[in-house]
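Report on the following structure.
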There are 2 protein chains.
Amino acid sequence: MSVNETENSRWRRRKESRPGEIIEAALELFVANGFSATRLDEVAKLAGVSKGTVYLYFDSKEDLFRAVVQQIIIPEIEKAEQKAAQFQGSQRDLLMMLMMTWWNIIGKTRLAGIPKLMISEAANFPELAEFYLEKVVSRARNIIKKGIAVGIQTGEFKPSDPVITTRLLMAPMLFAVIWEKSLAPYDQEKYDLDDYLELHLSTFFEGISTNNV
Amino acid sequence: MSVNETENSRWRRRKESRPGEIIEAALELFVANGFSATRLDEVAKLAGVSKGTVYLYFDSKEDLFRAVVQQIIIPEIEKAEQKAAQFQGSQRDLLMMLMMTWWNIIGKTRLAGIPKLMISEAANFPELAEFYLEKVVSRARNIIKKGIAVGIQTGEFKPSDPVITTRLLMAPMLFAVIWEKSLAPYDQEKYDLDDYLELHLSTFFEGISTNNV
DNA sequence: TATTACTAACTGACTAGTCAGTTAGTAATA
DNA sequence: TATTACTAACTGACTAGTCAGTTAGTAATA
């Protein structure tokens, strides 16, 4: 029985809180099992409702996923945009701060399941891919790209293509997260993720920085 | 009608060539659509046989996938092992050669679909994950790890954990390939993969190399 | 050399199971 | 009492794997 059904009556009408509870249940199962493998019956059960109720609030499974991203991921992007806009300091420090924030909020939490899910299921769900790219990826990318571009302008970083440099900064972090959610559980060879992250960031910034600090 | 059925009879017995033709058809569809989304009916159709014939030569869909990896990927690993063993030159040049080989044979061919598939489907097919890690990943990793370890020993590279350094060398390449096979088709922001690769390799080796060349 | 008996490669229809989405009816609430 | 949030049983489309039956090819025999 769900936590929310404390009365002994069979059910209660809770129009305001149902959508949020369904989104929370969906998030939990989507990040754990992916999009396809998540059963709407299971989402409903975890949210303490029937599958019919899910369809009362969301048009489709894809619509439910979009709502999850909207509620859970987009607010984090907005926070990051604000942090970046207000930041005082070198572009290296700004980018380090953004990477650590991403790592703490997404990389090492259950939210890491979202990038993993998108990579895995994009080919089978093109509309989700487009949605995610527009609302999440391009926005996140722009924050970083700006830091790189400003750093190049001010002479803090060597000249390079900011598009490619942004991707090279993110790639090892995204790959690590995706690996953890896919093959890592079966991998005999273990390694320390924090050491990995540290070595990546230090060599990356060493590689792109000029020496006139 | 399949290329192989030139007679007007309904079918011919071709015990020797069927398995290879089924493997080729399976490879084609697995790399294009992934493991789950590939229908055995489609594989059979592409190979010019019925689904029953697929089961005559392979025990299951997973068994067919293992046969694909065995036939297509393992020989490439063996070649790389030989190339590395015979190599004369700096460890940097060895690793560059291995990375370019990987890029030319896997990264920019249809075989790029295999790492993408494994990342996407590992969670749902643990036995495939274990097989792939043991037969492919760990073997490929060892070739690179050895180059890094030797380079550290000889003073060509700075001291570091070879396990982590190996992963940092591969991660941006694997991520790029996985991105191409997932979200890239829907991504507005384009970039040049060769430029990406070049910037990665040059900054990576700059980052890990000592200056006493 | 022609016929026939036999083997095994191959087919295609079928089964059992899965799951997103639908809907008729019920019970909570205003 | 009227409205509507919610349930639970249902549908229909999909697919891995099975298996009874068919046919190509071959070897033995007339």
Side-chain angles (χ1 to χ4, degrees), chain A residues 1-23 25-26 29-30 32-68 117 121 124-128, chain B residues 1-23 25-26 29-30 33-68 121 124-128:
Chain A
M1 188 162 111
S2 157
V3 193
N4 304 302
E5 304 294 340
T6 45
E7 295 282 333
N8 56 1
S9 54
R10 200 146 66 95
W11 49 270
R12 310 188 128 214
R13 304 168 117 192
R14 292 187 20 258
K15 194 182 175 173
E16 290 73 24
S17 41
R18 293 295 193 208
E21 291 165 12
I22 294 166
I23 284 171
L29 295 174
F30 281 149
N33 310 323
F35 184 74
S36 279
T38 292
R39 307 297 153 223
L40 284 181
D41 269 314
E42 292 290 319
V43 172
K45 195 177 167 192
L46 188 60
V49 296
S50 75
K51 192 162 67 165
T53 301
V54 174
Y55 278 91
L56 211 62
Y57 294 107
F58 304 96
D59 289 344
S60 66
K61 196 180 179 185
E62 294 197 24
D63 189 50
L64 175 57
F65 179 76
R66 278 188 287 268
V68 168
L117 178 154
E121 323 244 16
N124 295 123
F125 302 94
E127 286 175 22
L128 290 188
Chain B
M1 189 163 107
S2 157
V3 191
N4 305 301
E5 306 294 339
T6 45
E7 296 282 333
N8 56 2
S9 55
R10 200 146 64 94
W11 50 268
R12 310 192 128 215
R13 304 169 125 199
R14 291 189 17 260
K15 192 184 177 173
E16 290 71 25
S17 40
R18 292 297 192 206
E21 290 166 14
I22 293 166
I23 284 172
L29 295 175
F30 281 149
N33 310 323
F35 183 76
S36 279
T38 293
R39 305 296 151 225
L40 284 182
D41 269 314
E42 293 290 320
V43 171
K45 194 177 168 192
L46 189 60
V49 294
S50 74
K51 193 164 67 165
T53 301
V54 175
Y55 278 92
L56 216 58
Y57 293 109
F58 304 96
D59 290 344
S60 65
K61 196 180 179 186
E62 294 197 24
D63 189 51
L64 176 58
F65 179 76
R66 278 187 288 267
V68 169
E121 323 243 16
N124 295 122
F125 302 94
E127 285 174 24
L128 289 188

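Protein chains get the first letters and strands the later ones, always in sequence-line order, with residue 1 at the start of each.
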| request: When you get a sec, tell me which of dG21(C), dG12(C), dG17(D) is the closest nucleotide to the side chain of L40(B)? | output: dG17(D)
| task | Whole angstrom is fine here: how far is it from CD in E42(A) over to P in dA20(C)? | result | 10 Å
| said: Return the CG to CG distance between L29(A) and L40(A), rounded to the nearest 0.5 Å. | reply: 10.0 Å
| task | Using a cut-off of strictly less than 4.0 Å, decide whether R18(A) has a side-chain nitrogen or oxygen near OP1 or OP2 of dC6(D). | result | yes
| message | In this structure, how many angstroms lie between the P atom of dA5(D) and the CD1 atom of I22(A), rounded? | response | 13 Å
| query | Does the side chain of D63(B) come within less than 4.5 Å of S60(B)'s, by heavy atoms? | reply | yes
| Between dG25(D), dA5(D), dA8(D), which nucleotide gets closest to the side-chain atoms of L56(A)? | dA5(D)
| task | To the nearest 0.5 angstrom, please state how far the CZ atom of F35(A) sits from the CD atom of E62(A). | result | 5.0 Å
| message | The side chain of R12(B) is closest to which nucleotide in this list: dG25(D), dT11(C), dT7(D)? | response | dG25(D)
| request: Rounded to the nearest angstrom, tell me the gap between atom CZ in F58(B) and atom C1' in dA9(C). | output: 15 Å
| field | Polar side-chain atom of E121(A) near backbone of S36(A) as donor-acceptor pair, under 3.5 Å | value | yes
| Nucleotide dA20(C), atom P - distance to CG of N124(A) in whole Å | 14 Å
| field | Gap between atoms NZ and C1', on K51(A) and dT22(C) respectively (whole Å) | value | 9 Å
| Hey, which of these two, S36(A) or V54(B), hits DNA chain C nearer its 5' end, going by closest nucleotide? | V54(B)
| Given that both distances must come in under 3.5 Å, which nucleotide forms a Watson-Crick or G-U wobble pair with dA16(C)? | dT15(D)
| Mind checking who dT22(C) pairs with, Watson-Crick or G-U wobble, both distances under 3.5 Å? | dA9(D)
| task | Compare side-chain N and O positions of S60(B) against OP1 and OP2 of dA16(D) and report whether any pair is under 4.0 Å apart. | result | no
| request: Tell me which nucleotide among dA20(C), dC10(C), dT18(D) gets nearest to the side chain of R14(B). | output: dC10(C)
| In whole angstrom, what separates R39(B)'s CZ from dG12(C)'s P? | 21 Å
| dA30(C): pairing nucleotide in any strand, Watson-Crick or G-U under 3.5 angstrom | dT1(D)
| request: Could you state the atom-to-atom distance from OH of Y55(A) to P of dC19(C) in whole Å? | output: 13 Å
| Selection from dG21(C), dT11(C), dA5(D) that lies nearest to any side-chain heavy atom of Y57(A) | dA5(D)
| Inter-residue atom distance L117(A).CG - N33(A).CG, 0.5 Å rounding | 10.0 Å
| query | Rounded to the Å, how far apart are E21(B) CD and dC10(C) C1'? | reply | 14 Å
| field | Phosphate OP1/OP2 of dT7(D): any S50(A) side-chain N/O under 4.0 Å | value | yes
